[in-house]
Visitor: 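Take a look at the following structure, please.
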Amino acid sequence: MELGYPNWKTFDEGIQKEYLITNGLGSFCSSTIIGANIRKYHGLLNASLVPPIKRHLLLSKIDETLEIDGEEYKLFSNQFVGKIDNGYLQLRRFNNYPIPKFIYGVKDIVISKEVAMEYEKNTVAVVYKINTGSKKVKMTFTPYVNFRDHHDVSKKGSFKYNQSYEKGTLKLTEESTGLNLKIISNCRYEANEDWSLPMFYENERYRGLDSIDFHFIPGIFHYEMEPHKKYTITFLATIEDSIEYTSEEIIENEKKRRTELVDRAGYSSPFLKNLVLASDNFIVKRESTKTKTIIAGYPWFTDWGRDTMIAFTGLTLTTKRFDDAKDILLTFTKYIKDGIIPNMFPDENTSPLYNTADGTLWFFYAVYKYLEYTNDLETVKDEIYPHLESIIKHHVKGTINNIYMDDDGLLSAGDEGTQLTWMDVKVGDWVVTPRHGKAVEINALWYNALKIMEEISNRLGYDGSEYGQLAEKAKKSFVEKFWNDNGKYLYDVIQNEKPVDIIRPNQILAVSLPFSILDREKEKLIVEKVYEELYTPFGLRSLSKKHKEYIGKYGGDVLKRDGAYHQGTVWAWLIGPFVEAYVKVNDYSKESKLNAKHMLEEFYYHMQDACIGNISEIFDGDEPHYPRGCVAQAWSVGEVLRTYVEVVLD
């Protein structure tokens, strides 16, 4: 996706567009396209010290200044306390495909800058190519170094580096940990230690968090150029012990790797190509399991079981990354406990967390989709099916977190103090959206898990009738207890055998999942109700605007944001189930598929805003639906890609 100067005519316009680069380890490089960091998470090198966790900001940015005939031109933008640098005025174009590229113009000089991370290494490369004009040119580069957890900010003097410089390599050793950051460049280096002005992060202010940060400046890099010549200036920053590739090689290797991902997927439209590239951001290695996992979102989430299973089909199967898909499924089988998959994986000091009722049921859906795309019956039979059997048995007899199949065949989960569904916000003792008991989507997923077990059993030559009988019992009770005949929609949850009459998007899963639990007439009524009260161009609202507790804007401090998270905020991932349900109740007609195409392609224009080439986690419930939350979310990307491929392209 290419953007031009009209997208950043002002500083405020420029900081509304970001870019993201990842390395397959959970590390990342990110900023706004004008180079101004507006989040504490922004930086050229956010390294995951124990992949994909323990991310630390090590190199915040490199500011570039051009000098011609004694006059300076900034290529960088910053917002310090009381001061804004306006280098965005020199930026002419930005393109994210297949890696971010920036084009600057100053008088008769043209400068291109490309940035990439080396795959599966904590290394970032920056390459400048300069065509000089009629004058001599001098460029100076100012690195802003830090050492902190990416959730924190630094005070002046809060960390200390010892530096040495030899043969083009600046080595910075953080005093308290001994961690080495190397900055390698073909520029001349001059040590001149200082601290930056207080950098101001607008996005953190909006989120009610500490918005002031200080960075350490070890010195300045210089490069002088003659008129009418071409030059290449390179920077490489790394914490790796050994360096295999130059900056230019890293850039070219990453272009090739990402282009091959797009070619393998085989889609021709720019929309799908960008979605395939976006998918790559989330598939990473986990050190503790030595296998692949899925990052839920950037810049602050790590990997979560529920998010992984929902995003799984779009990220790994529609992109034809079948080996990664298999690896992820088998990883989860190794950590099943009491019939529950982990909702959060272990790190070196922590046991897995199993605080989910729906993640395990989504696992069945992921296995079902894996079979649909690969027909890999052998892997399912030998390495997955026994675990599926065990999961069902644990749910039937009852397992952890008060998850059990009740006498009516429906699944009940949790209590007043637990949050086990995807609407899981809890602030202290305040459960914002209490959904313990029999939640509507949990039971739609439970029915589908049983039907999937019946089908897989039969395909493997086993008797699946037991699962079919359990499914029929659940289906009968589901219709009797969840259908609101007055409102013509589904209750959201049954608590103490009493229905909670509240219009939320969870009911759409009863229509969209592969095995229908309702008749077509009821499915149509649900889709109509959801469309009327919850649909937006960027997903579904988490609560009807008509409800007294609806909150239309997501912002403010942690308490305000958590209070709005599932009380009206729009969730992009829900566009997938909605579009699938919409086309289904319209009998997959040409007209409904065309409408589905238009709905999904709204995200193509969103991908030219916020984080370029990515899809945000959430949006304001109120128009104009500003993007909020994570700038790149796995299940947002996965569900838009999956639905487009499966529903629109069929």
Side-chain angles (χ1 to χ4, degrees), residues 21 27-32 34-37 40-47 56-67 72 74-80 85 87 100 102 104 111 113-118 122-128 130 138-148 150 153-154 156-175 179-199 213-224 232-240 243 246-247 250-251:
I21 304 167
S27 310
F28 63 93
C29 162
S30 182
S31 185
T32 62
I34 65 170
N37 292 349
K40 58 188 176 184
Y41 302 96
H42 278 160
L44 271 176
L45 182 57
N46 260 302
H56 276 61
L57 176 68
L58 297 167
L59 179 60
S60 176
K61 66 197 312 262
I62 298 174
D63 279 351
E64 315 96 335
T65 302
L66 211 64
E67 184 179 322
E72 289 188 347
K74 298 173 181 177
L75 303 187
F76 61 88
S77 300
N78 289 310
Q79 185 166 13
F80 297 111
D85 293 318
F102 308 78
Y104 302 89
I111 301 169
K113 177 174 75 172
E114 292 183 300
V115 187
M117 297 190 79
E118 183 177 357
N122 279 308
T123 302
V124 65
V126 186
V127 174
Y128 301 84
I130 301 103
K138 179 181 179 182
M139 285 192 76
T140 59
F141 301 86
T142 306
Y144 289 67
V145 175
N146 215 309
F147 183 79
R148 59 168 172 80
H150 75 327
V153 292
S154 292
K156 187 180 290 188
S158 61
F159 59 88
K160 183 173 177 59
Y161 277 105
N162 296 315
Q163 68 167 299
S164 62
Y165 181 77
E166 185 178 359
K167 296 179 180 179
T169 299
L170 170 64
K171 184 178 179 181
L172 299 163
T173 303
E174 202 280 318
E175 209 170 65
L179 185 80
N180 292 316
L181 170 65
K182 293 188 283 288
I183 301 177
I184 302 167
S185 177
N186 60 347
C187 295
R188 176 174 58 87
Y189 178 67
E190 178 185 347
N192 185 18
E193 296 186 1
D194 197 3
W195 284 85
S196 72
L197 296 171
M199 190 171 284
D213 197 13
F214 286 87
H215 304 289
F216 176 63
I217 301 173
I220 307 294
F221 292 89
H222 303 272
Y223 200 101
E224 296 182 0
T232 298
I233 300 174
T234 62
F235 283 87
L236 184 152
T238 185
I239 62 171
E240 303 292 341
I243 301 165
T246 67
S247 296
I250 290 171
I251 294 288

Visitor: Tell me which one of His42, Lys40, Arg148 satisfies side-chain hydrogen bond (donor to acceptor under 3.5 Å, both in side chains) with Asp213.
Guide: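 With Asp213 as partner, His42, Lys40, Arg148 yield a single side-chain hydrogen bond (donor to acceptor under 3.5 Å, both in side chains), made by Arg148.
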Visitor: First locate atom CZ of Arg188, then atom OH of Tyr165, and finally report the distance between them rounded to the nearest 0.5 Å.
Guide: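 Answer for the CZ-OH pair, Arg188 versus Tyr165, is 9.5 Å.
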Visitor: How long is the straight-line distance from OG of Ser247 back to CD1 of Ile233, given to the nearest 0.5 Å?
Guide: 12.0 Å
Visitor: Enter the distance from Ile34:CD1 to Gln79:CD here, rounded to the nearest 0.5 Å.
Guide: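 The CD1 atom of Ile34 sits 9.5 Å away from the CD atom of Gln79.
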Visitor: With rounding to the nearest 0.5 Å, note down the distance linking CG in Leu58 to CG in Leu44.
Guide: 11.0 Å
Visitor: Identify the heavy atoms of Gly219 and Pro143 that sit nearest to each other, and give their distance.
Guide: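 Looks like O-CD, 3.2 Å.
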Visitor: I would like to know whether Val124 and Val115 meet side chain to side chain contact (heavy atoms under 4.5 Å, CB included); could you show each step before the answer?
Guide: CA-CA 7 Å; Val124 65; Val115 187; 4.0 Å; yes
Visitor: Tell me, with the steps shown, if Asn162 and Lys160 meet side chain to side chain contact (heavy atoms under 4.5 Å, CB included).
Guide: CA-CA 7 Å; Asn162 296 315; Lys160 183 173 177 59; 4.2 Å; yes
Visitor: Check the pair Lys61 / Met199 against side chain to side chain contact (heavy atoms under 4.5 Å, CB included), numbers first and verdict last.
Guide: CA-CA 12 Å; Lys61 66 197 312 262; Met199 190 171 284; 4.0 Å; yes
Visitor: Would you name the heavy atoms of Ser31 and Ala36 that are closest together and state the gap between them?
Guide: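 Scanning both residues completely, I find the closest heavy atoms to be OG-O, 3.6 Å.
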Visitor: So Asn192 and Ile217, do their side chains get closer than 4.5 Å, heavy atoms only?
Guide: no
Visitor: Would you confirm whether Asn46, through its side chain, and Ser30, through its main-chain N or O, come within 3.5 Å as a donor-acceptor pair?
Guide: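 A pair under 3.5 Å: no.
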Visitor: If only atom types and distance count, is the side chain of Gln163 paired as donor or acceptor with the main-chain N or O of Pro218 below 3.5 Å?
Guide: yes
Visitor: Which atoms form the tightest heavy-atom contact between Leu57 and Gly43, and what is the distance?
Guide: CD1-CA, 3.7 Å
Visitor: Does any non-hydrogen side-chain atom of Phe221 lie less than 4.5 Å from one of Ile183?
Guide: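 Ile183 vs Phe221: side chains touch.
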Visitor: Between Glu118 and Thr238, is any pair of side-chain heavy atoms under 4.5 Å apart?
Guide: no
Visitor: Has Lys182 got more than 12 heavy atoms of other residues, nucleotides or ligands less than 6.0 Å from its NZ?
Guide: yes
Visitor: Picking from Leu45, Ile184, Leu236, what satisfies side chain to side chain contact (heavy atoms under 4.5 Å, CB included) with Thr123?
Guide: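 Looking at Leu45, Ile184, Leu236, the match for Thr123 under the side chain to side chain contact (heavy atoms under 4.5 Å, CB included) is Leu236.
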Visitor: Nearest 0.5 Å, what's the CD1-OG distance between Ile62 and Ser185?
Guide: 7.5 Å
Visitor: Report yes if the distance between the aromatic ring centroids of Phe141 and Tyr128 is under 6.0 Å, otherwise no.
Guide: yes
Visitor: Rounded to the nearest 0.5 Å, how far does CG of Asp85 lie from CG of Leu197?
Guide: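 Nearest 0.5 Å value for the CG-CG distance: 8.5 Å.
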Visitor: Are side-chain heavy atoms of Phe235 and Cys187 found at a separation under 4.5 Å?
Guide: yes
Visitor: So which atom in Val145 and which in Phe159 form the shortest heavy-atom distance, rounded to 0.1 Å?
Guide: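 Minimum heavy-atom separation between Val145 and Phe159: O-CZ, 3.6 Å.
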Visitor: Check the pair Asn186 / Tyr223 against side chain to side chain contact (heavy atoms under 4.5 Å, CB included), numbers first and verdict last.
Guide: CA-CA 8 Å; Asn186 60 347; Tyr223 200 101; 4.1 Å; yes
Visitor: Distance-only, no hydrogens or angles: does the Thr65 side chain make a donor-acceptor pair with backbone N or O of Thr140 under 3.5 Å?
Guide: no
Visitor: Return the minimal non-hydrogen interatomic distance between Leu179 and Ile239, and the atom names on each side.
Guide: CD2-CG2, 4.4 Å
Visitor: What's the shortest heavy-atom distance between Tyr144 and Asn78, and which atoms?
Guide: OH-ND2, 4.1 Å
Visitor: Answer yes or no: is there a donor N or O on one side and an acceptor on the other, between the side chain of Glu240 and the main chain of Asn122, under 3.5 Å?
Guide: yes
